[in-house]
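When reading the values below, keep in mind they use all heavy atoms of this one structure, side chains included, and skip hydrogens, waters and symmetry mates.
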Amino acid sequence: MTTTTTGHPLSAGRQGSGIAATAQDGLAVAWRNLIALRRVPRLLVFSTIQPLVFVLMFRYVFGGVVGPSLPPGVSYVDFLIPGIFVQTAVFGSMNTAIGLATDMQTGLMERFRSLPMARSAVLVGRTIADLARNVFVVALMTAVGFALGFRIHAGVPAFLGGVLLVLAFGFAMSWVFAVVGMAVGDPETAQAAAFPVLAPLVFASSAFVPVDTMPGWLQAFANHQPVSQTAEAVRTLVLGGPATTDVWQALVWDAGIVAVFAPLGVWFYRRAV
């Protein structure tokens, strides 16, 4: 029996082959995921509540404690908001694991497998859709930050460069959680499995507090992990100062994460479906 695929939105208008066709397929899947988000707006609403809670909690609960340990002239809100950006991107990438696991559980992956599309397109589309959601959430966090006293010290171009760095890191981390989602296969387990990865990276980092306030044994980890590196790069771009080294190190982390986890995610997809 032959499966008919003509007329399906993921196969209609597909042209070319190789990288171009894969990009087309990935964008089609991304559009499908964004339409689903539009039809269930509460998913986007709850995606923004958590970062808002973190901003308010850290700004007013921990600001008085952490503020005195900062360099002279640096307010805690200016130190905090770049870290909140990075934390938002990392926590948002967990939705990649949950979304892929849900698609596996509902049988949608088998439907995708029957279509004439690149195997990597399902994962590429999911990560692109989550990147688009991160754009909205980071924009909202910027507005909230300004309302709480956050200010740009190194100019708008440097700030926009920091935002792009946050989005690139969120995209890279989405590939990590794509592997988690494909490996576990159901949304409840995916959410439970993601947190042990998220917690050490986010909370044992320089996102919320200076690393030199941590115990010595923890500083070694905090100084050499991607959340700290990205937060420091964004913070330097926002506050001013020599940022080249921090930015390049953050980009190397992004490239390394994608280089490892993108092929691994595709392998899990081929194996699971």
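Nearest heavy atoms, Leu237 versus Ala154: O-CB, 3.1 Å. Minimum heavy-atom separation, Val55 to Leu80: O-CD2, 4.1 Å. For Pro82 against Asp78, the heavy-atom pair with the smallest separation is CD-O, 3.1 Å. The two atoms that bring Asn134 and Ala89 nearest to each other are ND2-O, 3.9 Å, heavy atoms only. Contact between Ala231 and Ala207 at its shortest, heavy atoms only, is CB-CA, 4.3 Å. In terms of heavy-atom proximity, Met141 sits nearest to Ile84 at SD-CG2, 4.2 Å.
A distance of 10.5 Å separates OG1 of Thr236 from CG of Leu165, quoted to the nearest 0.5 Å. Note: Phe159 CZ to Ile81 CD1 = 9.5 Å, rounded to the nearest 0.5 Å. Distance CH2/Trp253 to CE/Met173: 10.0 Å, rounded to 0.5 Å. One finds the CG atom of Leu148 at 4.5 Å from the OH atom of Tyr60 (value rounded to the nearest 0.5 Å). Note: Asn223 CG to Ser205 OG = 10.5 Å, rounded to the nearest 0.5 Å. For the atom pair CD (Glu232) and OG1 (Thr245), the distance works out to 12.5 Å, reported to the nearest 0.5 Å.
Hydrophobic clustering keeps Val137 apart from Leu164 (ILVMFWY residues linked when any side-chain heavy atoms are closer than 4.5 Å, directly or through intermediates). When the side chains of ILVMFWY residues are joined at heavy-atom separations under 4.5 Å, either directly or via intervening members, Leu140 and Leu56 end up in a single hydrophobic cluster. Cluster membership for Val247 and Leu160, using ILVMFWY side-chain heavy atoms within less than 4.5 angstrom, is shared. Hydrophobic clustering (ILVMFWY, side-chain heavy atoms < 4.5 Å, transitive): Leu123 and Trp267 are in one cluster. Residues Phe208 and Val74 fall within the same hydrophobic cluster, defined by Ile, Leu, Val, Met, Phe, Trp and Tyr side chains chained together at heavy-atom separations under 4.5 Å.
With hydrogens and angles ignored, the 3.5 Å screen pairs a side-chain donor or acceptor of Thr127 with a backbone N or O of Val124. Side-chain atoms of Ser228 do not come within 3.5 Å of backbone N or O of Gln225 as any donor-acceptor pair. In this structure, Arg151 contributes its side chain and Phe146 its backbone to a donor-acceptor pair below 3.5 Å. Using modelled atom types, no side-chain atom of Gln229 and backbone atom of Ala250 make a donor-acceptor pair closer than 3.5 Å.
Contact annotation: the side chain of Val135 approaches that of Leu167 to within less than 4.5 Å [non-hydrogen atoms, C-beta and beyond].
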Item to complete: For side-chain contact (heavy atoms from CB on, under 4.5 Å), just list the numbers for Val86 and Phe169, CA-CA rounded to whole Å, side-chain angles, deciding distance to a tenth of an Å, and then say yes or no.
Response: CA-CA 8 Å; Val86 178; Phe169 182 59; 3.8 Å; yes
Item to complete: Give the intermediate values and the outcome of side-chain contact (heavy atoms from CB on, under 4.5 Å) for residues Leu52 and Val144.
Response: CA-CA 8 Å; Leu52 288 171; Val144 172; 3.2 Å; yes
With a 3.5 Å cut-off and sequence neighbours excluded, list the donor-acceptor pairs that the side chains of residues 175-204 form with protein atoms.
{"unit_1": "Asp186", "atom_1": "OD1", "unit_2": "Glu188", "atom_2": "N", "d": "3.4"}
{"unit_1": "Asp186", "atom_1": "OD1", "unit_2": "Thr189", "atom_2": "N", "d": "2.9"}
{"unit_1": "Asp186", "atom_1": "OD1", "unit_2": "Thr189", "atom_2": "OG1", "d": "2.9"}
{"unit_1": "Asp186", "atom_1": "OD2", "unit_2": "Thr189", "atom_2": "OG1", "d": "2.8"}

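With a 6.0 Å cutoff to the six-membered ring centre and a 45° limit on the axis angle, Arg235 counts as a cation-pi contact of Phe79.
Using cut-offs of 30° and 60° for the angle between ring planes, the Phe150 and Phe85 rings count as perpendicular.
If you check the side chains of Ser174 and Asp130, you find no donor sitting under 3.5 Å from an acceptor.
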